[in-house]
Enquirer: 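Encoded as structure tokens, here's the structure I'll be asking about.
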Amino acid sequence: MEEENSLIEQRKANLAALREKGIEPFANKFTPNETCAGARENYEEGREVALAGRMTAFRTMGKSIFLDIRDGSDRMQVYAQKNALGEEAFEVLKKLDLGDFLGVKGTMFTTRTEEITLKAESFTVVGKALRPLPAKWHGLSNIETRYRQRYLDLIANLDVKDVFYKRSAIIREIRDFMHERGFIEVETPTMQAVPGGAAAQPFVTRHNALGCDFYLRIALELYLKRLLVGGMDRVFEIGRNYRNEGISPRHNPEFTMLEAYQAFGDYETMMELLESMITRVAEKVVGTLVIEHKDSEGNVTRTIDLSRPWRRVKYKELIREKGGDDWFDISPDERRQRAIDLGAEIAPDYEDFEVTNGLFEKLIEPTLIQPTFVTHLPKELIPLAKLSPEDPTTIEVFECCINGQEIAPAYTEQNDPVAQREALVNQAGEEQQKLDDDFLTALEHGMPPAGGIGIGIDRLIMMLLGQESIRDVLLFPQLKPKSEG
RNA sequence: GCCUCGAUAGCUCAAUGGUAGAGCAGUUGACUCUUAAUCAAUUGGUUGAAGGUUCGAGUCCUUCUCGGGGUACCA
């Protein structure tokens, strides 16, 4: 990026040498008639093919050369002989650098070591690499370079590439699933005048022509509910949320969320939806319901069994399990002390329900490795859901935890505009959702009862693919820019 | 934000406070079935940046930059 080094100068010299011979190393066009994988599948001795790819290995044998080219599908060995290509072309080939893009025409054959190989009859240089690629054997392991220059990571580490191919397959399966269930996919504003639907710090941006600030959305919820009011009974959106908060192995400032709303459903409808969706995606993309997470040495560190049915348990039961049967009978001060004694970090300004929730988030959630629907959370925690008739201090919601993380919350959505306004106005705790009057106006026009769910797609993918950091399922995780000089 | 660990050749890594090194790739040469090709020779460094201590600093100290982990914030 900065000053030249000798490796780059060498490659530039090779580029100039090619041009001097009248060869344009960035040829405008070479059209392969097959992929490397296709050529392997359709192998037939003597079959003529044209393949193109990046040269990733180069083994000269005097008057013959073995080299590898790689495209998006696979690798293919190419065999080049001096007397087949002609002396001039052979000399050109010898001056190519690892990383150059090459088109090769020739015929397929099998070497003595039984490797399917393309015997070159002609080749075209279609893209010259002026910088060296990471070493082929040690690969690229510097974490910062892997994230800043993800393209190098994708070239050097095939398992990284596999993660992102699978990420694509997972999202595609999810879309197919939702469409089969009669949901339609919509797109709602990412720039919002009132950032609602969650209580997170937003990013602010400025619209010059309108002369006002907008917020990047922190949730999709309130716009999708407007669509329920409008008669779109089953809607979903897969989109980016932005939260101006800390970065960690489980948090990136922008992350992908799926939210779905189904009119005349409730939180139990959403349980069935989530179980069906995730088990299907796991079977189709990962090929199993038993997910193994491994450490860097390949030892299995945890096994997640997604077989149905998943555990269902009430929030208060889990709290009593961890905090004692009398947890809800003792005084708030005693609860605070007990939470601290148990090892939960409790800030001095926490209100009583936050103390209990601290116990849940710090000491219970991380232990929920197997899929678990935690239901009936205290009403103070979520203002957008309906109270539970059997216990009106709680709401009809679940948080689905897998792999020690919250993967998906779902509610029986509040559709009473008066109760909704009250819940938003009277929110307890530090963080509050902003009051979105346009949303409340929409509710006053009548929203059907509905079940709604939000699925953290990145965390879901981490769980399914055994990745320990959200950065390893995001192609370009957020990093601080390198300062100049 | 706080705590902590780290940054050495293109890549992966060494180097008691005492001459900055290895493998790979690169360069030159040999070789028409190699595939981490092999063999021979060889180039390559402002040790993340700036100061300081010392006869002497990659190594010790201070500040800064970037990154990893933890923690706080994230209903």
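Residue numbers begin at 1 in each chain, while the letters A, B, ... track the order of the sequences. The structure displayed is predicted, hence computed values, not measured ones. Note that these values count all heavy atoms, side chains included, but never hydrogens, waters or copies made by symmetry.
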Enquirer: Would you measure the distance from the P atom in rU62(B) across to the matching atom in rU53(B) and give it in whole Å?
Expert: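 So the two P atoms sit 15 Å from each other.
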Enquirer: Taking the C1' atom in each of rG10(B) and rU4(B), what is the distance between them to the nearest angstrom?
Expert: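 Approximately 31 Å lies between the C1' atom of rG10(B) and that of rU4(B).
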Enquirer: Reckon T145(A) touches a base, only the sugar-phosphate, or nothing at all at heavy-atom distances under 4.0 Å?
Expert: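 No contact.
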Enquirer: Looking at every strand, decide which applies to F360(A) at a 4.0 Å heavy-atom threshold: base, sugar-phosphate, or nothing.
Expert: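 Counting heavy atoms under 4.0 Å across all strands, no contact is made by F360(A).
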Enquirer: Which heavy atom in A419(A) sits nearest to a heavy atom in Q414(A), and how many Å separate them?
Expert: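 Closest approach of A419(A) to Q414(A), heavy atoms only: CB-NE2, 3.7 Å.
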Enquirer: Determine the interatomic distance between C1' on rG44(B) and the same-named atom on rC11(B); round to the nearest Å.
Expert: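 Rounded to whole Å, the distance is 13 Å.
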Enquirer: Pick the P atom in rU59(B) and in rA20(B), then give their distance to the nearest Å.
Expert: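 Those two atoms are separated by 13 Å.
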Enquirer: Measure across E406(A) and R459(A) and return the closest heavy-atom pair with its distance rounded to 0.1 Å.
Expert: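 Smallest heavy-atom distance, with atoms named: O-NH1, 3.5 Å.
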Enquirer: Checking all strands, does K119(A) fall into the base, sugar-phosphate, or nothing category for heavy-atom contacts under 4.0 angstrom?
Expert: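 Touches nothing.
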Enquirer: Could you state the atom-to-atom distance from CG of L424(A) to P of rA75(B) in whole Å?
Expert: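 Rounded to whole Å, this separation is 15 Å.
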Enquirer: Please work out if G197(A) contacts a base, only the sugar-phosphate, or nothing of the nucleic acid, heavy-atom cut-off 4.0 Å.
Expert: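 Counting heavy atoms under 4.0 Å across all strands, the contact made by G197(A) includes a base.
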Enquirer: Have a look at E345(A) and say if it touches a base, only the backbone sugar-phosphate, or nothing, with a 4.0 Å heavy-atom cut-off.
Expert: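 Sugar-phosphate: the residue E345(A), judged by heavy atoms under 4.0 Å, touches backbone atoms but no base.
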Enquirer: Looking across every strand, which nucleic acid part, if any, lies under 4.0 Å from P249(A) by heavy atom: base, sugar-phosphate, or nothing?
Expert: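 Result for P249(A) = sugar-phosphate.
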Enquirer: Just to be sure I understand the rule, does Y411(A) reach a base, reach only the sugar-phosphate, or reach nothing, if contact means heavy atoms closer than 4.0 Å?
Expert: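 The answer is base, as Y411(A) lies within the cut-off (heavy atoms under 4.0 Å) of a base atom.
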Enquirer: What's the gap between rU38(B) and rG18(B) when it is taken at their P atoms, as a whole Å value?
Expert: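 Those two atoms are separated by 36 Å.
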Enquirer: Spell out yes or no: do the side chain of N142(A) and the base of rU12(B) have one donor N/O and one acceptor N/O closer than 3.5 Å?
Expert: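 Flag unset: no donor-acceptor pair detected.
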Enquirer: Any donor-acceptor pair under 3.5 Å joining the side chain of Q10(A) to the base of rU27(B)?
Expert: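 Answer no: no donor N or O sits under 3.5 Å from an acceptor.
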Enquirer: Between the base of rC31(B) and the side chain of T60(A), is one N or O donor paired with an acceptor at under 3.5 angstrom?
Expert: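 Indeed there is one.
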Enquirer: What is the nucleic acid contact for I65(A), judged by heavy atoms within less than 4.0 Å: base, sugar-phosphate only, or nothing?
Expert: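 Counting heavy atoms under 4.0 Å across all strands, no contact is made by I65(A).
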Enquirer: Looking only at N and O atoms, is any donor in the side chain of T111(A) or the base of rU34(B) less than 3.5 Å from an acceptor on the other one?
Expert: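 It does, because a donor-acceptor pair links the side chain of T111(A) to the base of rU34(B) below 3.5 Å.
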Enquirer: With no hydrogens and no angle check, just 3.5 Å: does a side-chain donor-acceptor pair link E237(A) and T188(A)?
Expert: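 Yes - a donor-acceptor pair under 3.5 Å links their side chains.
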Enquirer: With no hydrogens and no angle check, just 3.5 Å: does a side-chain donor-acceptor pair link Y411(A) and E413(A)?
Expert: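 No pair is found: no donor N or O on one side chain lies under 3.5 Å from an acceptor on the other.
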Enquirer: Have a look at L479(A) and say if it touches a base, only the backbone sugar-phosphate, or nothing, with a 4.0 Å heavy-atom cut-off.
Expert: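 Answer is sugar-phosphate: L479(A) comes under 4.0 Å of backbone atoms only.
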Enquirer: Within the structure shown, what part of the strands sits under 4.0 Å from L381(A) by heavy-atom distance: base, sugar-phosphate, or nothing?
Expert: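 L381(A): base contact, heavy atoms under 4.0 Å.
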Enquirer: Ignoring hydrogens and angles, tell me if any N or O in the side chain of R54(A) forms a donor-acceptor pair with the backbone of G99(A) under 3.5 Å.
Expert: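 Yes; at least one donor-acceptor contact below 3.5 Å.
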Enquirer: What's R471(A) touching, base or sugar-phosphate or nothing? Going by heavy atoms closer than 4.0 Å.
Expert: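 Sugar-phosphate: the residue R471(A), judged by heavy atoms under 4.0 Å, touches backbone atoms but no base.
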Enquirer: Using the C1' atom as the reference point in each nucleotide, state the distance between rG58(B) and rA72(B) in Å, no decimals.
Expert: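 Comparing C1' positions in rG58(B) and rA72(B) gives a spacing of 35 Å.
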Enquirer: Do we get R226(A) above Y223(A)'s six-membered ring, with its NZ or CZ under 6.0 Å from the centre and within 45° of the axis?
Expert: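 Yes - R226(A) lies over the ring of Y223(A), closer than 6.0 Å to its centre and within 45° of its axis.
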Enquirer: Let's test your reading of the model: under 3.5 Å, does the base of rU32(B) pair with the side chain of Y79(A) as donor and acceptor?
Expert: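 Such a pair exists between side chain and base.
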Enquirer: Contact class for R148(A) (heavy atom, under 4.0 Å): base, sugar-phosphate, or nothing?
Expert: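 It contacts sugar-phosphate atoms only.
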Enquirer: Taking the same atom, C1', in rG17(B) and in rC13(B), what whole-Å distance lies between them?
Expert: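 These two C1' atoms come out 22 Å apart once rounded.
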Enquirer: Ignoring hydrogens and angles, tell me if any N or O in the side chain of R336(A) forms a donor-acceptor pair with the backbone of Y350(A) under 3.5 Å.
Expert: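 Such a contact is found between R336(A) side chain and Y350(A) backbone.
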Enquirer: Within the 4.0 Å heavy-atom criterion, would you say L7(A) contacts the bases, only the backbone, or no part of the nucleic acid?
Expert: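 Base, at least one base atom sits under 4.0 Å.
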Enquirer: If the P atom of rU19(B) is compared with that of rU47(B), how far apart are they to the nearest Å?
Expert: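 Approximately 15 Å lies between the P atom of rU19(B) and that of rU47(B).
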